[in-house]
Amino acid sequence: MPDLPPQPTPAPARSPLAKFPPAIRTAHERFLATKNPADLDTVVLAIVLDHQPAHTRTSGEITAPDSARLIADLGFDSLALAEIVFFLEDLYQLTITNEELLRITTVGELHAFVRSKFAAPAAA
Amino acid sequence: MPREVFITGLGFITSIGNDSATVTASLNDGRHGMTAWDYCGNPAVHVKVAAPVRDFTVDSPSWRDWTWPARYDIPRETLRGLAPHGVYAFCAMEQALADAGLARADLTDGGTGLFCASAGSAFMLHHHLAHARASNFERGNPMGVVSSIAGTLNFNLAAHYGITGAVTGFVSACASSSHALGYAIDEIRLGRQQRMIVVGAEELNADTLLPFAPMRALSTNPDPATASRPFDTARDGFVGTGGATVIILEDASLARTRGARAYAELIGWGQASDGHRVATSHPEGAGLREAMRRALRDAAVTPAQIDHVNAHATSTPIGDRAEALALRTVFTEAGAHPAISGTKGLTGHGLSMAGAMEAGFCALALHEGFTPGNPHLLNADPACEGLNLPRESGSIRPRLVLNNSSGFGGSNVCHVLRRAPSSP
């Protein structure tokens, strides 16, 4: 092996939730500790709302019902959906396939899908 | 009668000002934008000066950390696809549109095109690739490509503003936005578009600038007041800058119909290549000489009619000498003595952005009636003998101005601008 010069230490990875409200970061920490799915739902909803386009957002809106369709009601395009998926993958070190993504059309389906990723014993 | 091309809107986010009035004052007063600069926290790096943009924070790869002046409203869905220099470009675009009296709805009928120039964001590309490599490419940010690669400006701005005419980007290094402007002139002259928006932007960070250090192209002079001194015998390289410039061109008949104010008229452009070296100029500036002559011919003006030249003049030993020799051949040997300025002495070198930024300066000079000077020039290189290189800005009102740009591979682009008929 040739001698390698000392390499710079990479900066520690910052949480993707760093700029989210404290309540969301707390729910995330709690979910990691207790695996309570209600906390997971809180984080997923916050991520969805964070990516929602401005033109479908009404002022003061802080939630989206389970029945809300991501594309038809919330105005997402396929790339914005991919961003949500990447955010979740990055946050929870998941892999979400295109086939799985195509089956999700509503906020409720997204909640159920992310919950199922943690429920499945062989998911990893 | 051939179509005339007017400049009807300008937007500047630069090291010497974030609006036309401040930029004009800086050019007039010889106020530079350099400061001591730590690129990467490594004292062994010998590059100590840069010319940063003020009032923006875009040094994080996460758009959530970015800040910009509150008067610009960047929607998050647009912001997520931008590179740091895309934030500059967005703000310069908003500024130029307001300046030209245009709204987003005016850009969507196919009559407006968009030509952009940047090197892309090496910083964002590096970040997104490192992220993807960490999972051996199992995961990656979906916005990684559009926020990183050359073309990021045109992708994002065309989508945000709903521009449906000709949209593309130009890549010729430090001549890129000059190419964009030249071809934008042609789009209008040929009747293909009634309006063209030209955008040049770059970011100032280690990833964009420090790769020029091994080429020995960057100044290692630690004094902000003298690190960039085009045409001076003591010049030792360029100083990096970032920012954005937006220029709105309109068919004169459209501009007149809607009562738009014209800063200047673009009456010709020309380009020619050295065909010589990949990263250094032809020793006598052969390509630039020919590009100047082609631009003058296209504009149907003689060297003696040019009042002012905004030189490319990056403050590198080889490049400035080549340009000086080319200028002597075109002008001095023809008995012409236009006032020549190297405004990179004030702004630093904006790479892909430089040509549009300096064409914008020329438009301001024609509109406001002044010529920028060379305030950092103490001892002119003997290669400049016979050239008129005033230190102070001049109060003569130029009527015809030439703008020079040169890029890697010896690409040279020149524009000729004329004072607009309605200028005071």
Side-chain angles (χ1 to χ4, degrees), chain A residues 5-22 24-25 46-59 61 70-71 74-98 100-102 104 114 117 123-124, chain B residues 39-45 57-67 72-82 90 104-105 123-124 126-149 152 155-156 158-162 205-207 210:
Chain A
Q7 298 296 300
T9 315
R14 206 181 58 156
S15 166
L17 292 174
K19 292 268 167 163
F20 278 61
I24 305 301
R25 297 204 304 272
I47 293 167
V48 168
L49 295 175
D50 184 69
H51 287 79
Q52 187 182 347
H55 70 272
T56 66
R57 222 178 295 146
T58 53
S59 64
E61 189 176 33
L70 292 160
I71 292 174
L74 300 184
F76 285 101
D77 61 18
S78 59
L79 193 60
L81 282 183
E83 286 186 82
I84 292 181
V85 165
F86 166 69
F87 198 107
L88 290 165
E89 289 181 327
D90 201 36
L91 185 63
Y92 292 115
Q93 299 297 298
L94 302 170
T95 298
I96 299 172
T97 67
N98 287 348
E100 289 170 324
L101 180 57
L102 286 170
I104 302 166
V114 180
K117 276 288 190 183
Chain B
Y39 271 102
C40 58
N42 180 359
V45 170
T57 311
V58 288
D59 54 357
S60 159
S62 171
W63 56 268
R64 293 172 195 277
D65 299 332
W66 297 345
T67 63
Y72 300 109
D73 178 21
I74 313 181
R76 286 156 69 103
E77 53 267 37
T78 297
L79 190 64
R80 295 202 305 262
L82 295 178
F90 185 100
R104 205 168 151 179
F123 171 67
M124 292 296 268
H126 192 159
H127 168 77
H128 288 307
L129 284 174
H131 204 151
R133 280 187 180 281
S135 66
N136 203 6
F137 292 97
E138 284 182 40
R139 287 188 285 279
N141 188 321
M143 307 310 273
V145 175
V146 296
S147 65
S148 295
I149 68 172
T152 180
F155 309 154
N156 280 285
H160 175 83
Y161 289 100
N205 50 41
D207 305 65
L210 290 187

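Order of the sequence lines fixes the chain letters, A, B, ..., with proteins taken first and strands second; residue numbering starts at 1 for each chain.
Partners of A/Arg25 by salt bridge (Lys or Arg N to Asp or Glu O under 4.0 Å), not counting sequence neighbours: none found. Applying the salt bridge (Lys or Arg N to Asp or Glu O under 4.0 Å) criterion to B/Arg104, with sequence neighbours excluded, gives no partner residue.
Looking at A/Phe20, the atoms closer than 4.5 Å to chain B (heavy atoms on both sides) all sit in the side chain, from C-beta outward. Heavy atoms closer than 4.5 Å to chain A are found in both the backbone and the side chain of B/Arg64. For A/Leu94, the part sitting under 4.5 Å from any heavy atom of chain B is the backbone (N, CA, C, O) and nothing else.
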With side chain to side chain contact (heavy atoms under 4.5 Å, CB included) as the test, would you mind laying out the steps for B/Leu79 and B/Phe90 before giving the verdict? CA-CA 9 Å; B/Leu79 190 64; B/Phe90 185 100; over 6 Å; no
Might you work through the side chain to side chain contact (heavy atoms under 4.5 Å, CB included) test for A/Ile104 and A/Leu81, ending with a clear yes or no? CA-CA 10 Å; A/Ile104 302 166; A/Leu81 282 183; over 6 Å; no
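Residue pairs meeting the salt bridge (Lys or Arg N to Asp or Glu O under 4.0 Å) criterion with at least one member in residues 77-91 of chain A, sequence neighbours excluded, are A/Glu83-B/Arg80.
Without hydrogens or angle criteria, B/Ser148 side chain to B/Gly144 main chain gives a donor-acceptor distance under 3.5 Å. Between the side chain of B/Glu77 and the backbone N or O of A/Ala54 there is at least one donor-acceptor pair closer than 3.5 Å. B/Thr152 places a side-chain N or O within donor-acceptor distance of the main-chain N or O of B/Val146, the cut-off being under 3.5 Å.
For the set A/Asp50, A/Val85, A/Thr95, A/Leu79, the count of heavy-atom pairs under 4.5 angstrom toward chain B peaks at A/Asp50.
Residues of residues 129-139 of chain B that come within less than 4.5 angstrom of chain A, heavy atom to heavy atom, are B/His131, B/Glu138, B/Arg139 in numerical order.
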